[in-house]
Amino acid sequence: MSSISLTRHLIEAQRQGQLTPDLQLLLEVVARACKRISVAVGKGALGGVLGEAGQGDSINVQGEAQKKLDVISNDILLEANAWGGHLAACASEEMEHSQPIPDGFPRGNYLLVFDPLDGSSNIDINASVGTIFSVLRCPDGVTAAGDADFLQPGHTQVAAGYCLYGPSTMLVLTIGHGTHAFTLDREQGSFVLTKADLRIPQETREFAVNMSNQRHWEPPMQAYVDDLLAGKDGPRGKDFNMRWVAAMVGDVHRILTRGGIFIYPWDGKDPGKPGKLRLMYEANPMAMLVEQAGGAATTGRARILDLQPTSLHERVPVFLGSKDEVEAATRYHLQHDGAHA
Ligand code: F6P
């Protein structure tokens, strides 16, 4: 049987009424941009793309040092999406405010929000990084989309995905009809469907969390992880393994492949921050991909896809992956809240 390219997969989905021609174009443009980012990432030191963007003074809106590849990836995505006529505006981790499609180009009905290069502390050590994106509808009647138009709950996303730049480059995508994985055929230059309809095992013995923050966690999170670490002698009755890629794309990809729970909880290091990960371009797209693969995603208390965003760069605690395990972690938090109400 011949291989199924991303284009064929999207055209077949379009024939089944699952996406519009404009959304198909948008996804193909994002995929093409990811190929260019993959080339830039792959060149590493030979491409002169490693290291910080400025002379130590280049800080993004999150207060994080920008890497050269953050800036390059952001520019590639903006430039690729400017002229197709499918978008009303873009927003990015790297920009304080959303950016309307430049004058002179037609404007479309979708909004694209992305983290151009997630896990960028991995860049200089030649470990996995990725691009995360989410597609929303531009609200009816809006002709000049601004930040407020992006503030829609995650369950309204029409598509979400990521591209993982690892030993191979993989695009993992959902348009609300399952989660599908494509591998970049570098010789042909096209993404090929390599796993249709990913399913996350309901149970797991593997968790992913940055344990160095343990002392800053709140009591129910401490109690939950204590019980995981107690293994088969503890209340959970089984031994757990731990993994941490330090790039959300890598951890979520492992979970979509073989199950597990990924956690970035609230912690008290900076009590003003409700979490580390950003709702609009990290938590929401990953939650959609995970739910579409049979998993679950919560803040430890509430379903992520039901949250009403209040700002473009808002942060949230994230618990996602194998359904039973996410429900178990959520139970620890809700029971604690109930006992302290
Ligand atoms: O975007 C934030 C991010 O890089 C995620 O991709 C990753 O999961 C996390 O931060 C890593 O955090 P830490 O630096 O605590 O390991």
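Values reported hereafter were calculated over all heavy atoms of this structure, with side chains retained and with hydrogens, waters and symmetry mates removed.
- For the pair R315 (side chain) and P274 (backbone), a donor-acceptor distance under 3.5 Å is absent.
- Between the CG atom in L305 and the CG atom in L279 there is a gap of 9.0 Å [rounded to 0.5 Å].
- Annotation: side chain to side chain contact (heavy atoms under 4.5 Å, CB included) contacts of A88 (sequence neighbours excluded): L111, C138, A145.
- No option in V30, L19, V158 other than V158 meets the side-chain contact (heavy atoms from CB on, under 4.5 Å) test with V135.
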Run Q18 and L23 through side-chain contact (heavy atoms from CB on, under 4.5 Å) and show every step you take.
CA-CA 10 Å; Q18 295 174 357; L23 183 54; over 6 Å; no
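- The distance from the CG atom of L25 to the OG1 atom of T20 is 9.5 Å, given to the nearest 0.5 Å.
- The shortest heavy-atom contact between D149 and A144 is OD2-O, 4.2 Å.
- If you chain together hydrophobic residues whose side chains sit under 4.5 Å apart, L112 and M288 never meet in one group.
- For the pair V318/M248, a side-chain contact is recorded, criterion being any heavy-atom separation below 4.5 Å from C-beta on.
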side-chain contact (heavy atoms from CB on, under 4.5 Å) between M211 and V225, intermediate numbers included
CA-CA 9 Å; M211 286 294 297; V225 172; 3.8 Å; yes
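- Note that the CG atom of L6 and the OG1 atom of T183 stand 11.5 Å from one another [nearest 0.5 Å].
- Residues G268 and P271 approach most closely at O-CD, 3.5 Å, considering heavy atoms.
- Using a 4.5 Å heavy-atom cutoff, the side chains of E93 and V113 are not in contact.
- Residues passing the salt bridge (Lys or Arg N to Asp or Glu O under 4.0 Å) test with R137, sequence neighbours excluded: none.
- For the residue pair I37 and P116, the shortest heavy atom distance occurs at CD1-O, 4.4 Å.
- For V290, the side chain to side chain contact (heavy atoms under 4.5 Å, CB included) partners two or more places apart in sequence, or in a different chain, are I200, V252, L320.
- For the residue pair Q308 and L151, the shortest heavy atom distance occurs at NE2-O, 2.8 Å.
- V39 and I76 are members of different hydrophobic clusters when ILVMFWY side chains are connected at heavy-atom separations under 4.5 Å.
- Residues forming a salt bridge (Lys or Arg N to Asp or Glu O under 4.0 Å) with E203 (at least two apart in sequence, or on another chain): none.
- Between S73 and E94 there is no side-chain heavy-atom pair separated by less than 4.5 Å.
- Between D147 and S98, some side-chain heavy-atom pair lies under the 4.5 Å cut-off.
- Hydrophobic clustering (side-chain heavy atoms under 4.5 Å, transitive across Ile, Leu, Val, Met, Phe, Trp, Tyr) keeps I72 apart from I132.
- At a threshold of 4.5 Å between non-hydrogen side-chain atoms, the residues L117 and K68 do not count as touching.
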Enumerate, atom names and distances included, each donor-acceptor pair closer than 3.5 Å involving a side-chain atom of residues 161-175, sequence neighbours excluded.
residue, atom, partner, partner atom, Å
Y162, OH, H253, ND1, 2.6
Y165, OH, T131, OG1, 2.7
T169, OG1, S38, OG, 2.8
T174, OG1, G176, N, 2.9
T174, OG1, G178, O, 2.8

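- Looking only at side-chain heavy atoms (C-beta outward), M280 and H313 stay at 4.5 Å or farther from each other.
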Side chains of residues 227-242: which donor-acceptor pairs under 3.5 Å do they make with residues two or more places apart or in other chains?
residue, atom, partner, partner atom, Å
D227, OD2, Y332, OH, 2.6
R236, NH1, E325, OE2, 2.8
R236, NH2, E325, OE1, 2.8
R236, NH2, E325, OE2, 3.3
K238, NZ, T204, O, 3.0
D239, OD1, K232, N, 2.9
N241, ND2, E206, OE2, 3.1

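- Checking N210 against S212 by side-chain atom types alone, a donor-acceptor pair falls below 3.5 Å.
- Remark: side-chain polar atoms of N122 are paired, donor with acceptor, to backbone N or O of V245 under 3.5 angstrom.
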Do V41 and I123 pass the side-chain contact (heavy atoms from CB on, under 4.5 Å) test, and can you show the C-alpha distance, the side-chain angles, and the key distance before you say yes or no?
CA-CA 8 Å; V41 169; I123 293 171; over 6 Å; no
Report the C-alpha distance between M221 and I263 in whole Å, list the side-chain angles of each, state the deciding distance to 0.1 Å, and finish with yes or no for side-chain contact (heavy atoms from CB on, under 4.5 Å).
CA-CA 10 Å; M221 177 62 194; I263 310 172; 3.7 Å; yes
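- Legend: residues meeting ring-ring contact (aromatic ring centres under 6.0 Å, His included) with H333, ordered by chain and number and at least two apart, are F319.
- Heavy-atom neighbours of N126 CG from other residues, nucleotides or ligands within 6.0 Å: at or below the threshold of 12.
- With sequence neighbours left out, the side chain to side chain contact (heavy atoms under 4.5 Å, CB included) criterion links Q188 to D185, S190.
- Here D124 pairs with K67 under the salt bridge (Lys or Arg N to Asp or Glu O under 4.0 Å) rule; sequence neighbours left out.
- Looking at T298, its side chain never comes within 3.5 Å of a backbone N or O of R303 through a donor-acceptor pair.
- Checked against P220 for a side-chain contact (heavy atoms from CB on, under 4.5 Å), the options R331, R301, Q335 give a single hit: R301.
- Note that the CG atom of D270 and the CH2 atom of W266 stand 10.0 Å from one another [nearest 0.5 Å].
- With a 4.5 Å cut-off on side-chain heavy atoms, Q157 and P285 count as touching.
- In terms of the salt bridge (Lys or Arg N to Asp or Glu O under 4.0 Å) criterion, residue partners of E12 (sequence neighbours excluded) are, by chain and number, R8.
- Between W217 atom CH2 and K269 atom NZ the span is 11.0 Å, to the nearest 0.5 Å.
- Here the side chains of V316 and L277 are not in contact, with every heavy-atom distance at 4.5 Å or above.
- Applying the ring-ring contact (aromatic ring centres under 6.0 Å, His included) criterion to F182, with sequence neighbours excluded, gives H9.
- If you chain together hydrophobic residues whose side chains sit under 4.5 Å apart, W83 and Y110 fall into the same group.
- Within the model, atoms CD of E79 and CG of N74 stand 12.0 Å from one another, a figure rounded to the nearest 0.5 Å.
- A donor-acceptor pair shorter than 3.5 Å cannot be found between the side chains of D118 and Y281.
- Take F262 and apply the ring-ring contact (aromatic ring centres under 6.0 Å, His included) test, not counting sequence neighbours, and it matches W244.
- Hydrophobic clustering, with ILVMFWY side chains joined whenever heavy atoms are under 4.5 angstrom apart, keeps V249 apart from F114.
- The shortest non-hydrogen separation linking A40 to L69 is CB-CD2, 3.9 Å.
- Across all their heavy atoms, A302 and L307 have their closest contact at CB-CD2, 4.4 Å.
- Residues N284 and S134 have side chains that never bring a donor and an acceptor to within less than 3.5 angstrom of each other.
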